[in-house]
J.: 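One structure is given below, represented as structure tokens, and several questions about it will come after.
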Amino acid sequence: CGCFGFPIDDLEEISDPTPLPLTKISFDVEIFNGVAEVSLNQTYLNKGTKFLELQYKFPVKPNSCIYKFVATFSKVRMEGVVKEKEHATI
């Protein structure tokens, strides 16, 4: 699990992704009618000088549900599209 980076200028020849170091983590849990809603915030650091194409992997248990994914790069907020594993592409 974690965040992995690929140099943008090398996307034609993608090799093994480089794991980015996790520098901060926080979470918040709220319970609604017996269902837990967990918000997880993770901060990763690109130590390089180049922009990266990113891949984020996060394992979940079969009875878990993810309904939203948001990533913020500097001040740019991007909402992801959550798909079933069988329909997701890398």
Side-chain angles (χ1 to χ4, degrees):
C1 95
C3 191
F4 302 87
F6 304 92
I8 289 178
D9 55 357
D10 293 340
L11 287 180
E12 295 299 320
E13 297 181 24
I14 294 177
S15 58
D16 292 332
T18 302
L20 298 178
L22 178 64
T23 60
K24 183 179 176 183
I25 187 168
S26 64
F27 64 92
D28 183 53
V29 179
E30 294 186 44
I31 307 294
F32 300 101
N33 297 322
V35 177
E37 179 177 286
V38 180
S39 296
L40 176 65
N41 293 294
Q42 297 175 316
T43 302
Y44 292 90
L45 177 64
N46 176 8
K47 291 184 176 182
T49 58
K50 296 181 179 182
F51 289 109
L52 300 174
E53 178 80 16
L54 299 177
Q55 181 182 82
Y56 181 76
K57 294 182 179 181
F58 186 79
V60 295
K61 293 187 176 193
N63 61 346
S64 299
C65 174
I66 294 179
Y67 69 92
K68 186 176 182 181
F69 178 85
V70 176
T72 304
F73 302 93
S74 294
K75 296 181 180 179
V76 178
R77 177 185 162 103
M78 300 176 75
E79 290 205 28
V81 176
V82 179
K83 296 181 179 182
E84 293 289 335
K85 185 177 183 178
E86 304 82 47
H87 302 290
T89 58
I90 295 177

J.: With sequence neighbours left out, write down each residue that passes salt bridge (charged side-chain N to carboxylate O under 4.0 Å, His left out) with E30, or none if nothing qualifies.
T.: none
J.: Using a cut-off of 6.0 Å, state whether more than 12 heavy atoms not belonging to F27 lie near its atom CZ.
T.: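 Incorrect, the count does not exceed 12.
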J.: Would you check if V70 and R77 make a side-chain contact, meaning some heavy-atom pair closer than 4.5 Å?
T.: yes
J.: Could you state the interatomic distance from CD1 (I66) to NZ (K83), rounded to the nearest 0.5 Å?
T.: 14.5 Å
J.: Do T18 and L52 come within less than 4.5 Å of each other through their side chains, counting heavy atoms only?
T.: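 In short, these two side chains do not touch, never coming nearer than 4.5 Å.
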J.: According to side-chain hydrogen bond (donor to acceptor under 3.5 Å, both in side chains), does anything in residues 58-69 pair up with another residue at least two apart or in another chain? List the pairs.
T.: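 Counting only pairs at least two positions apart or across chains, the side-chain hydrogen bond (donor to acceptor under 3.5 Å, both in side chains) contacts touching residues 58-69 are E37-Y67.
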J.: On a heavy-atom basis, which atom in V29 and which in A36 lie closest, and how many Å separate them?
T.: CG1-CB, 4.4 Å
J.: Residues in ring-ring contact (aromatic ring centres under 6.0 Å, His included) with F73, at least two apart?
T.: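 Checked F73 against ring-ring contact (aromatic ring centres under 6.0 Å, His included); zero matches.
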J.: Restricting to side chain to side chain contact (heavy atoms under 4.5 Å, CB included), what partner residues turn up for K24, sequence neighbours left out?
T.: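 Scan of K24 (side chain to side chain contact (heavy atoms under 4.5 Å, CB included), adjacent residues dropped) gives T43.
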J.: Could you measure the distance from the CG atom of N46 to the CG atom of L54? Nearest 0.5 Å is fine.
T.: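 Rounded to the nearest 0.5 Å, the CG-CG separation comes out at 7.5 Å.
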J.: Under the side chain to side chain contact (heavy atoms under 4.5 Å, CB included) rule, collect the residues that match up with K47, sequence neighbours excluded.
T.: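 Applying side chain to side chain contact (heavy atoms under 4.5 Å, CB included) to K47 gives P21, L45.
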J.: Please enumerate all residues that pass side chain to side chain contact (heavy atoms under 4.5 Å, CB included) together with Y56, with sequence neighbours excluded.
T.: C3, L40, Q42, Y44, F58, F69
